[in-house]
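For clarity, every value in this text was computed on a predicted model and none was experimentally measured. Naming convention: chains lettered A, B, ... in sequence-line order (proteins, then strands); numbering from 1 in each chain.
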Amino acid sequence: MRLSQYILPTQKEDPSDAQVSSHRLMIRAGLIRKEAAGMYAYLPAGLRALRKISAIVKDEMDKAGAMECLMPELTTADLWKESGRWDSMGPEMFRIRDRNSMEYALGPTHEEAFTALVRSVVSSYKDLPVNVYQINTKFRDEIRPRFGVIRSKEFIMKDAYSFDIDQGGLDESYQKMAAAYRAIFDRCGLETIPVQADSGTMGGSASEEFMVASEVGEETLLLCEKCGYRANQEKAEFKRSSSEFGEKSALTEVNTPAIKTIDDLAEFFSCDGKLFLKTIVFVADGEPVVAVVTGDRDINEAKLKNYLQATDIEQADDETVVAVTKSSVGFAGPVRSEAPRIIFDSAVANIHGAITGANKTDYHFTGVEPGRDFVIEEEADLVEAVEGDLCPDCGEPMITRKGIEVGHIFKLGKKYTESMKVSVLDNNGKAVVPLMGCYGIGVTRTLAAVIEQHHDDSGLTWPASVAPFDVHLVGIGKGDEEKAAIDEVYNSLISEGLDVLYDDRKLSPGVKFADADLLGVPVRITCGKSYFADGELEIKIRKTGEQSAVKPDNLSKKIREILADHN
RNA sequence: CGGGGUGUGGCGCAGUCCGGUAGCGCACCUGGUUUGGGACCAGGGGGUCGAAGGUUCGAAUCCUUUCGCCCCGACCA
């Protein structure tokens with residue numbers, strides 16, 4: 001491509017509304033433009049990089065035996081009603097009506113659509129296993145789109161769905177995808193950390209997330225450097241201490257006017273937050289539930305939700321809190337509680353002389369004793385693991401990292417095949433419900449993640465595998481003759497089958513170099529005075545800054561070597 | 001949705017408190033001189049200040065309403 005005829009609107013200054021580096025650089029390098037919050041247009045260079053990623057994804061999926069399809073973006077309400085998700089998906093799903101008032105959703109994910117497709121084409125165990133996928137746009141009415149293309153209302157996802165006759169088959173399909181994902185991210189030049197994850201609203205059993213370590217990651221990961229345990233904070237378990245703490249004493253009611261938060265209470269009683277019993281009211285599937293944890297910990301709602309096997313959980317509003325605790329917000333506690341159901345974190349049983357709300361406005365109890373002052377009927381792991389907590393496998397202290405989730409694989413089991421009545425005949429002629437797995441990669445997000453991992457102060461430093469071009473040819477020539485000579489170099493590179501971006505603009509060299517650095521194509525060839533004097537081209541590796549002189553004869557060979565090295 | 005911030009040529013910003021009819025840098029156009037790390041000179045085009053309403057002789061500036069966008073929290077690839 002000749003840059004003089006290409007749309008590559010580079011910007012010298014950072015856009016004011018972009019915070020994270022990938023977003024800033026994608027705008028500055030002219031890869032994307034923002035249309036509205038969470039909606040981006042891909043310009044030619046950005047689309048090239050995106051297509052490179054899609055091609056890698058497709059290649060590895062195909063190699064793993066998956067079959068590419070293309071599903072409609074518009075999905076009928078009936079489809080979602082079959083699985084029950086028309087109601088459970090909530091406002092995240094974009095819903096629209098046609099002129100006849102028929103209801104549709106813009107596909108936020110395609111379990112239902114693919115399940116229905118497979119249902120219509122398989123009838124025997126001989127037809128299984130199948131793994132079908134697409135690379136297509138997803139629509140999600142995100143609560144808060146942010147970080148550019150990392151979290152947007154519309155994004156491109158590769159979603160695959162496997163169907164197997166039995167658990168062994170599902171395990172195999174799942175392992176194939178796990179291996180394919182490792183290969184995909186590796187080829188994209190991404191270092192990912194696979195972690196155990198909560199399976200969330202997708203349902204199902206095993207689940208693994210592929211995270212890209214990044215400061216701007218929205219996920220917190222707990223990692224054990226000793227044994228390799230890795231989990232998303234939502235899922236992360238940790239070795240609970242069985243040692244008891246605090247000192248037994250008599251139950252006493254203390255006036256604590258308007259002192260509600262753990263911090264304020266710790267100051268008021270001048271003691272450790274750990275000695276408090278934090279009591280929070282939730283509403284799970286419409287029913288109020290009270291959770292009690294020690295004051296030094298945060299409740300992990302995902303764990304609570306899983307324990308309750310609830311489909312929806314949220315903190316109760318003030319009215320509900322008042323109704324449940326018979327006091328104003330901030331004075332809830334397990335002692336003499338009238339709450340219908342109380343779940344205790346497993347650390348609560350070890351506490352002595354705890355302090356907790358008295359279910360009476362402006363009063364707390366001290367000297368609270370589990371067993372004596374309240375009964376623990378339901379106990380579970382309810383709290384969030386934090387840095388320094390002990391690894392559940394080996395007991396070493398764990399560390400935390402921030403990560404961007406680029407891929408997620410699940411074993412769904414029969415969740416959809418059962419609700420949508422898929423059945424095939426097994427080798428005994430008996431109808432069985434196939435087991436399903438689902439496997440997603442955020443393609444546009446992967447692009448942003450690649451940039452998060454590959455940039456420096458001057459701009460992008462693409463891995464060759466996803467770079468929009470192989471070579472950035474900077475021409476610095478004066479008269480027509482020199483320009484014609486540079487054109488020749490350009491043509492010869494193209495004839496070698498290389499993707500070349502040729503900067504033929506009438507601009508000063510500094511501008512061209514700065515743009516080349518910003519766009520970050522792996523190899524830069526400068527054709528200027530040394531070429532006209534000695535017939536030598538300058539070749540520079542963007543990532544390392546390494547520079548050398550080459551004769552035109554060896555040029556394409558040299559370029560291919562560099563590209564192979566910088567994947 | 002709650003909290004915080006912001007909206008002025010394509011981009012980045014000043015002006016707003018103390019109303020007087022819009023400015024700077026970059027980009028763009030023309031001519032000329034330049035050409036290996038964001039050149040220089042001269043000339044030039046482009047905005048009614050997010051939107052609506054109000055106060056006033058007069059509003060980017062004051063008041064009211066409203067919308068967009070960004071950041072922090074609950075959702076997710």
Undergrad: Looking only at the side chain of D515(A) (C-beta and beyond, no hydrogens), which of the listed nucleotides rG38(B), rU35(B), rC75(B) gets closest?
TA: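 Between rG38(B), rU35(B), rC75(B), the one nearest the side chain of D515(A) would be rG38(B).
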
Undergrad: Could you tell me how far apart R24(A) (CZ) and rC70(B) (C1') are, to the nearest whole angstrom?
TA: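 Rounded to the whole Å, the gap is 14 Å.
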
Undergrad: Can you tell me whether the side chain of K34(A) and the base of rG68(B) have a donor-acceptor pair closer than 3.5 Å?
TA: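 Not at all, since no donor on one side and acceptor on the other fall under 3.5 Å apart.
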
Undergrad: Is rC18(B) paired to anything, Watson-Crick or G-U wobble with both distances less than 3.5 Å, and if yes, which nucleotide?
TA: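 rC18(B) is paired with nothing.
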
Undergrad: Is it true that D159(A) and K138(A) make a salt bridge, defined as a side-chain N closer than 4.0 Å to a carboxylate O?
TA: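 Looking at D159(A) and K138(A), the cut-off is met.
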
Undergrad: Would one find a side-chain N or O of R146(A) under 4.0 angstrom from OP1 or OP2 of rG73(B)?
TA: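 For R146(A), the contact criterion (side-chain N or O under 4.0 Å from OP1 or OP2 of rG73(B)) is met.
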
Undergrad: Salt bridge check: are D345(A) and R297(A) linked by an N-O gap of less than 4.0 Å?
TA: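 Judged by the 4.0 Å cut-off on N to carboxylate O distance, D345(A) and R297(A) do not form a salt bridge.
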
Undergrad: Can you tell me the base-pairing partner of rU6(B)? Count Watson-Crick or G-U wobble geometry only, both distances below 3.5 Å, and say none if there is no partner.
TA: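 By the stated definition (distances under 3.5 Å), rG68(B) pairs with rU6(B).
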
Undergrad: Between G442(A) and L507(A), which is nearer to the 5' end of RNA chain B once each is assigned its nearest nucleotide?
TA: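 On the 5' side of the pair lies L507(A).
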
Undergrad: Kindly write out the residues that satisfy salt bridge (charged side-chain N to carboxylate O under 4.0 Å, His left out) with E112(A), not counting sequence neighbours, or none if the list is empty.
TA: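 If we apply the salt bridge (charged side-chain N to carboxylate O under 4.0 Å, His left out) test to E112(A), skipping adjacent residues, the hits are R85(A).
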
Undergrad: Which of the following nucleotides, rC71(B), rC76(B), rU35(B), is nearest to the side chain of E219(A)?
TA: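 Closest nucleotide among those given: rC76(B).
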
Undergrad: Can you tell me the pairing partner of rG38(B) across any strand shown, Watson-Crick or G-U wobble, with both distances under 3.5 angstrom?
TA: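 The base-pairing partner of rG38(B), which may sit in any strand shown, does not exist here.
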
Undergrad: Does the ring of F155(A) meet both stacking tests against the six-membered base ring of rA77(B): centre distance under 5.5 Å and plane angle under 30°?
TA: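 Answer is yes, a stack.
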
Undergrad: Does the base of rC75(B) carry an N or O that pairs as donor and acceptor with the side chain of E234(A) under 3.5 Å?
TA: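 By the distance-only test, no, there is no pair.
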
Undergrad: Please collect all ring pair (Phe, Tyr, Trp, His ring centres under 6.0 Å) contacts where either partner lies in residues 516-544 of chain A, sequence neighbours excluded, each pair once.
TA: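 Matches after skipping sequence neighbours: none remain.
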
Undergrad: Going by an N to O cut-off under 4.0 Å, is there a salt bridge joining K402(A) and E219(A)?
TA: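 So K402(A) does not pair with E219(A) through a salt bridge.
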
Undergrad: Pick the nucleotide of RNA chain B nearest each of S152(A) and K529(A); which residue has the one closer to the 5' end?
TA: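 Result: K529(A).
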
Undergrad: Can you check whether any acceptor in the base of rC76(B) is under 3.5 Å from a donor in the side chain of R140(A), or vice versa?
TA: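 Answer no: no donor N or O sits under 3.5 Å from an acceptor.
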
Undergrad: Counting side-chain heavy atoms from C-beta on, which of rA74(B), rU35(B), rC75(B) comes nearest to P509(A)?
TA: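 Among the listed nucleotides, the one closest to the side chain of P509(A) is rU35(B).
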
Undergrad: Apply side chain to side chain contact (heavy atoms under 4.5 Å, CB included) to V521(A) and list each qualifying residue two or more places apart in sequence or on a separate chain.
TA: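 Testing V521(A) for side chain to side chain contact (heavy atoms under 4.5 Å, CB included), a comparison that skips the adjacent residues, returns F469(A), H472(A), L519(A).
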
Undergrad: Pick base, sugar-phosphate or nothing for A514(A), based on heavy-atom distances below 4.0 Å to the nucleic acid.
TA: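 Counting heavy atoms under 4.0 Å across all strands, the contact made by A514(A) includes a base.
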
Undergrad: What's the NZ-P distance between K506(A) and rU30(B), to the nearest Å?
TA: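 Nearest whole value for this atom pair: 11 Å.
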
Undergrad: Nearest to the side chain of F147(A), which nucleotide is it out of rU35(B), rC75(B), rC72(B)?
TA: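 For the F147(A) side chain, the nearest candidate turns out to be rC72(B).
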
Undergrad: Pairing check on rA74(B): which nucleotide meets the Watson-Crick or G-U wobble criteria with it, both distances under 3.5 Å?
TA: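 The answer is none; no pair meets the criterion.
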
Undergrad: Does rA60(B) have a Watson-Crick or wobble mate here (both distances under 3.5 Å), and if so which one?
TA: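 Matched rA60(B) with nothing under the 3.5 Å cut-off.
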
Undergrad: What is the base-pairing partner of rG43(B), counting Watson-Crick and G-U wobble geometry with both distances under 3.5 Å?
TA: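 When the pairing criteria are applied, rC29(B) turns out to be the nucleotide that pairs with rG43(B).
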
Undergrad: Say we look at rC18(B) and rC63(B): how far apart would their P atoms be, to the nearest angstrom?
TA: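 Result for the P pair: 10 Å, nearest Å.
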
Undergrad: Look at the side-chain N and O atoms of S508(A) and state whether any lies under 4.0 Å from the OP1 or OP2 oxygen of rA39(B).
TA: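 Answer yes for this pair, as a side-chain N or O of S508(A) is under 4.0 Å from OP1 or OP2.
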
Undergrad: Please output the side-chain donor-acceptor pairs of residues 181-197 of chain A that fall under 3.5 Å, not counting sequence neighbours, one pair per line with the distance.
TA:
| residue | atom | partner | partner atom | Å |
| --- | --- | --- | --- | --- |
| Y181(A) | OH | K158(A) | NZ | 2.7 |
| Y181(A) | OH | Y439(A) | O | 3.1 |
| Y181(A) | OH | G440(A) | N | 2.9 |
| Y181(A) | OH | G440(A) | O | 3.2 |
| R182(A) | NH1 | A178(A) | O | 3.2 |
| R182(A) | NH2 | E208(A) | OE2 | 3.0 |
| R187(A) | NH1 | D59(A) | OD2 | 2.7 |
| R187(A) | NH1 | E60(A) | OE2 | 2.8 |

Undergrad: Any base atoms under 4.0 Å from E209(A), or only sugar-phosphate, or nothing? Heavy atoms, all strands.
TA: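 No contact.
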
Undergrad: With a non-hydrogen cut-off below 4.0 angstrom, is K153(A) in contact with a base, only sugar-phosphate, or nothing?
TA: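 K153(A): no heavy atom of the nucleic acid under 4.0 Å.
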
Undergrad: Let me know the distance between CD of Q547(A) and C1' of rG37(B), rounded to the nearest Å.
TA: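 About 11 Å, once rounded to whole Å.
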
Undergrad: Nearest whole angstrom, please: distance from the P of rG37(B) to the CG of D457(A).
TA: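 Nearest whole value for this atom pair: 20 Å.
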
Undergrad: Treat primed atoms plus P, OP1 and OP2 as sugar-phosphate and everything else as base, then score nucleotides 2-13 of chain B 5' to 3': B for base contact with protein heavy atoms under 4.0 Å, S for sugar-phosphate contact only, - for none.
TA: ---------BSS

Undergrad: Restricting to pairs with a member in residues 35-60 of chain A, which pass ring pair (Phe, Tyr, Trp, His ring centres under 6.0 Å), not counting sequence neighbours?
TA: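 Residue pairs with at least one partner in residues 35-60 of chain A: H23(A)-Y40(A).
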
Undergrad: Can you list the steps and then say if V523(A) with I539(A) is a side-chain contact (heavy atoms from CB on, under 4.5 Å)?
TA: CA-CA 7 Å; V523(A) 178; I539(A) 185 161; 3.8 Å; yes

